[in-house]
Amino acid sequence: PSPDQQPVNAPGLTCRLVCVLPSLLSSDCLTANIVKSHRETCQYRVEELQALRWKVFSREEVLAYQSKSVEEMWQRCAYRLTDSIQYVVEFAKRIDGFLELSQNDQIVLLKGGSLEVVLVRMCRSFNPDNGTVFFEGKYGGTEVFKSLGCNDLIASIFEFSQSLCALHLSEQEVALFTAVVLLNPERAWLQDKEKVARLHSHVDVAFKNTLQRSHRDTVLSKLSQKTLQLKSLCSLHIDRLRSFLELRPLLAHSLFPPLYHELFTDSPDAPLE
Ligand SMILES: O=C(O)[C@H]1CC[C@H](C(=O)N2CC[C@](c3ccc(C(F)(C(F)(F)F)C(F)(F)F)cc3)(S(=O)(=O)c3ccc(F)cc3)C2)CC1
């Protein structure tokens, strides 16, 4: 046979492929599992959210929100947040390896990461062209949330969404980024930190492989800054929630869904089932 018909006799190459292949395969499988879990557990498809961008609150509707009491506005947001978090819990449960963690560690990861995942998912329901977010059926700006009495938290949430939108993340990248955010081995009170760290690194490798293949490596460094911003957003949320509740100590139990109370206050209540 002529030289170009020689079989590729390159043991080194074959060995390298065989050695690398399983990790690429397993990382591709993990990527597929995470993207599928994300698609199945988002409340809205990104196409739906974009198709609704024209539905903006009228002046009257904004005024109606602004005349609501602080308590009612917090209650509405807490209910919508708790609703979104239930979907995040389902997302976590569908990630290969998550249910193999101890129940304690599953709860620690969800307590520490569920709001962070919601805030990342929120970039999908944010319209960067006019700085509005999808809320209770229409799009509105920061002015809708004025009666919450925490304009700094709202302003920071909108800025975060705006900056995340600027990265033009695909659904696949949102899925992988939220899985990396959730499986954070640095969360306090983890029992088996090494086991979480192994799972986290598998997802991290899958994310890096996906970004490299689509020549999106530059996004990685920007996303690591985002995780820092997420951390400060969540502590600002706890801060504002604490000062809100300090003024209304008895209201918490009646105002917020139990899950919200369990996740965001140091309640001595029964453990999250
Ligand atoms: O799964 C999907 O498709 C997505 C998931 C994410 C959903 C979403 O954007 N969200 C679900 C709940 C949302 C949400 C975000 C932030 C907060 C708070 F920070 C505070 F209340 F202080 F703002 C808290 F944490 F302190 F309470 C509560 C609730 S919301 O839609 O109610 C919303 C509220 C305020 C906004 F200024 C923008 C949005 C965000 C939209 C649907």
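Both ligands and their constituent atoms are indexed starting at 1 by order of listing.
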Find out whether [X] and [Y] are in side-chain contact, i.e. whether some heavy atom of one side chain is under 4.5 Å from a heavy atom of the other.
X	Y	result
I34	L176	yes
E90	Q86	no
D192	L101	no
R121	F91	yes

Over 12 non-hydrogen atoms of neighbours within 6.0 angstrom of NZ in K68:
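Enclosed: over 12 neighbouring heavy atoms sit under 6.0 Å from NZ of K68.
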
Say you draw a straight line from [atom1] of [X] to [atom2] of [Y]; how long is it, rounded to the nearest 0.5 Å?
X	Y	atom1	atom2	value
L110	D105	CG	CG	11.0 Å
C123	L169	SG	CG	5.5 Å
C165	N127	SG	CG	8.0 Å

Starting from [atom], find the nearest protein heavy-atom neighbour and note its residue, name and distance.
atom	value
atom 23 (F) of ligand 1	I154 CD1, 3.3 Å
atom 10 (N) of ligand 1	V118 CG1, 4.0 Å
atom 7 (C) of ligand 1	S84 OG, 3.7 Å
atom 31 (O) of ligand 1	R80 NE, 3.4 Å
atom 24 (C) of ligand 1	H237 CD2, 3.4 Å
atom 36 (C) of ligand 1	F145 CZ, 3.5 Å
atom 18 (C) of ligand 1	I157 CD1, 4.2 Å
atom 21 (F) of ligand 1	C77 CB, 3.3 Å

Within the 4.0 Å heavy-atom shell around F135, which atoms of ligand 1 are there?
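Those qualifying, in numeric order: 30 (S), 31 (O), 32 (O), 33 (C).
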
Interfacing atoms of ligand 1 (cut-off 4.0 Å, heavy-atom, V133)
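Reading through ligand 1 atom by atom, the close ones are 38 (C).
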
Does ligand 1 have any atom sitting under 4.0 Å from a heavy atom of [X]?
X	answer
F158	yes
Y44	yes
S125	yes
C42	yes

Is it the side chain, the backbone, both or neither of L153 that has a heavy atom closer than 4.0 Å to ligand 1?
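Under 4.0 Å from ligand 1, L153 contributes side-chain atoms alone.
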
Have a look at ligand 1 and work out which part of R124, if any, has a heavy atom under 4.0 Å from it: side chain, backbone, both or neither.
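For R124, the contact with ligand 1 is made by the side chain alone.
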
Answer yes if the ring centres of [X] and [Y] are under 6.0 angstrom apart, and no otherwise.
X	Y	value
F57	Y65	yes
F158	F126	yes
Y79	F256	no

Given Q43, Q75, M122, E136, identify the one with the heavy atom nearest to atom 15 (C) of ligand 1.
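Answer by nearest heavy atom: M122.
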
Could any protein non-hydrogen atom be found less than 4.0 Å from atom 28 (C) of ligand 1?
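Looking at atom 28 (C) of ligand 1, one finds that a protein heavy atom does lie closer than 4.0 Å.
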
